[in-house]
Amino acid sequence: MSGSRVIPSPNIWNWPSVYEAENRAQDADGRIAEVLARIAPWEGATIVDVGCGTGFHLPAFASSAARVVGVEPHGPLIKAARNRTASLPNVRVAEGSAESLPLDEQSVDIVHARTAYFFGAGCGPGITEAMRVLRPGGVLVVVDLDVSASPYGDWMRADLPKYDCAAVESFFEAQGFALERVDTRWQFDSRETMRAVLGIEFTERTAARAARSIPGLGFDVRYRVHWREKPSGLERG
């Protein structure tokens, strides 16, 4: 998404209840949370979730952060996120985009973006904006799917043959990001739910092939966690 040109996210925009089930299934063992807590601990911090959707991750951040801001461009999702967090006094949900965050300069400690797809090759303005709102020493964390890993990456590449995983990773490296790969497992409560989730993420043909290849209620998914710290400034001797 961008300030004047928001790129729709068909999965969550069109099927928010199915996407909710997807969120519940993702990372069943909490491995991403462990990595985030190590590289960008949010206890007592101000954290921003860019592209927060229905606010699924906001309560977890709010449990120990001093202040949590969810930023989302799509009106119905903003309403859902506000309803979800209405009882949490340290959470605010605001309309905005990656390239136009409704936040003051140097006002937050962590900017978090998870599978929101506005960071990557050609999206430097979003990174520049994140650096604007971060305090010196703050961290921008981008969590995205590792399309090079099987089986989930195989399904993605089938539908997005022009997606260049190496080019995306080279972009982040050139921008000064560190990288950690995180192997996770998605676990569903039923085959019906799993098929519904696959159906909003992939074409009908790919979703059907994926479902046939899964013997149980779960499958492995690898993520990339990219992070970059805002410099604290020159040290004076």
Side-chain angles (χ1 to χ4, degrees), residues 1-2 6-33 35-36 49-54 56-57 74 77 98 112-123 126-127 141-175 177 179-188 191-227:
M1 61 184 176
S2 63
V6 175
I7 299 173
S9 298
N11 48 13
I12 191 171
W13 285 27
N14 296 335
W15 298 279
S17 62
V18 179
Y19 198 84
E20 181 76 11
E22 179 175 337
N23 269 326
R24 291 196 301 267
Q26 288 183 12
D27 191 18
D29 301 313
R31 291 176 179 171
I32 294 174
V35 172
L36 293 180
D49 188 13
V50 183
C52 71
T54 61
F56 184 84
H57 299 291
H74 189 50
L77 299 183
H112 165 269
R114 186 176 305 206
T115 59
Y117 299 112
F118 42 72
F119 290 110
C123 294
I127 294 173
V141 184
V142 179
V143 182
D144 210 344
L145 295 159
D146 187 342
V147 182
S148 69
S150 299
Y152 199 91
D154 299 334
W155 307 330
M156 285 191 68
R157 292 195 307 274
D159 284 349
L160 300 171
K162 294 184 179 180
Y163 182 90
D164 190 336
C165 187
V168 172
E169 294 188 10
S170 294
F171 169 83
F172 281 112
E173 183 178 7
Q175 293 286 328
F177 284 79
L179 167 65
E180 184 165 339
R181 301 183 196 277
V182 185
D183 289 310
T184 75
R185 183 163 182 81
W186 290 17
Q187 189 69 31
F188 296 88
R191 295 281 297 181
E192 181 181 10
T193 300
M194 184 178 69
R195 290 191 193 99
V197 168
L198 292 171
I200 70 170
E201 293 296 349
F202 303 108
T203 62
E204 183 176 352
R205 179 179 180 180
T206 298
R209 179 169 61 87
R212 288 194 301 268
S213 72
I214 302 165
L217 296 177
F219 49 82
D220 295 333
V221 180
R222 179 178 293 168
Y223 289 82
R224 300 189 316 257
V225 179
H226 303 268
W227 74 96

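Sequential numbering from 1 along the given sequence is applied to the chain's residues. Just so we're clear, the structure is a prediction, and the values are computed from it rather than from any experiment.
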(request) Taking the side chain as every heavy atom from C-beta outward, state whether Arg224 and Phe172 have any pair of such atoms under 4.5 Å apart. (result) yes
(request) List the atom of Ala98, the atom of Val50, and the distance in Å for their closest heavy-atom pair. (result) CA-CG1, 4.1 Å
(request) With the side chain counted from C-beta on, respond yes when Leu145 and Thr115 share a heavy-atom pair under 4.5 Å apart, and no when they do not. (result) yes
(request) Using a 4.5 Å cut-off on heavy atoms from C-beta on, say whether the side chain of Gln175 contacts that of His226. (result) no
(request) Indicate the atoms forming the closest heavy-atom contact of Asp27 with Ala33, along with that distance. (result) OD2-N, 3.9 Å
(message) If I take atom CH2 from residue Trp155 and atom CZ from residue Arg209, how far apart are they, to the nearest 0.5 angstrom?
(response) 8.5 Å
(message) Between Glu201 and Glu22, does the side-chain contact (heavy atoms from CB on, under 4.5 Å) criterion hold? Intermediate values first, please.
(response) CA-CA 10 Å; Glu201 293 296 349; Glu22 179 175 337; 2.7 Å; yes
(request) Report the C-alpha distance between Phe219 and Met194 in whole Å, list the side-chain angles of each, state the deciding distance to 0.1 Å, and finish with yes or no for side-chain contact (heavy atoms from CB on, under 4.5 Å). (result) CA-CA 10 Å; Phe219 49 82; Met194 184 178 69; 4.1 Å; yes
(request) With rounding to the nearest 0.5 Å, note down the distance linking OH in Tyr19 to CG in Asn14. (result) 13.0 Å
(message) Pairing donors with acceptors under 3.5 angstrom, does anything connect the side chains of Asp146 and Ser148?
(response) yes
(message) side-chain contact (heavy atoms from CB on, under 4.5 Å) for Trp227 and Glu180? Distances and angles first, verdict last.
(response) CA-CA 9 Å; Trp227 74 96; Glu180 184 165 339; 3.7 Å; yes
(message) Can you confirm whether Ile32 sits close enough to Val35 that some side-chain heavy atom of one is under 4.5 Å from a side-chain heavy atom of the other?
(response) no
(request) Spell out, as yes or no, whether a donor-acceptor pair under 3.5 Å connects the side chain of Ser213 to the backbone of Ala210. (result) yes
(message) Within the 4.5 Å heavy-atom criterion, are Arg157 and Val147 side-chain neighbours or not?
(response) yes
(request) Decide yes or no for Arg191 and Ile214: does some side-chain heavy atom of the first lie under 4.5 Å from some side-chain heavy atom of the second? (result) yes
(message) Checking Asp49 against His57: is there a side-chain donor and acceptor pair closer than 3.5 Å?
(response) no
(message) With a 6.0 Å cut-off (strictly less than), is the heavy-atom count around CD of Glu173, excluding the residue itself, greater than 12?
(response) no
(message) For the OG1 atom of Thr54 and the CD atom of Glu20, what is their distance to the nearest 0.5 Å?
(response) 4.5 Å
(message) Just so I know, are the side chains of Leu36 and His112 near enough to count as touching, which here means a heavy-atom distance under 4.5 Å?
(response) yes
(message) Does this structure show an ion pair linking Arg181 with Glu169, if we count only N-O contacts that are shorter than 4.0 Å?
(response) yes
(message) With heavy-atom distances below 4.5 Å as the criterion, would you say the side chains of Phe188 and Val197 are in contact?
(response) yes
(request) To the nearest 0.5 Å, tell me how far Asn23 CG sits from Ile12 CD1. (result) 6.5 Å
(request) Kindly compute the distance separating OG1 (Thr193) from CD (Gln187), expressed to the nearest 0.5 Å. (result) 11.5 Å
(message) With a 6.0 Å cut-off on the ring centroids, do Tyr152 and Phe202 count as close?
(response) yes
(request) Rounded to the nearest 0.5 Å, what's the gap from OG1 on Thr184 to CZ on Arg222? Could you check? (result) 10.0 Å
(message) Which heavy atom of Asp220 sits nearest to which heavy atom of Arg185, and what is that distance?
(response) OD1-NH1, 3.2 Å
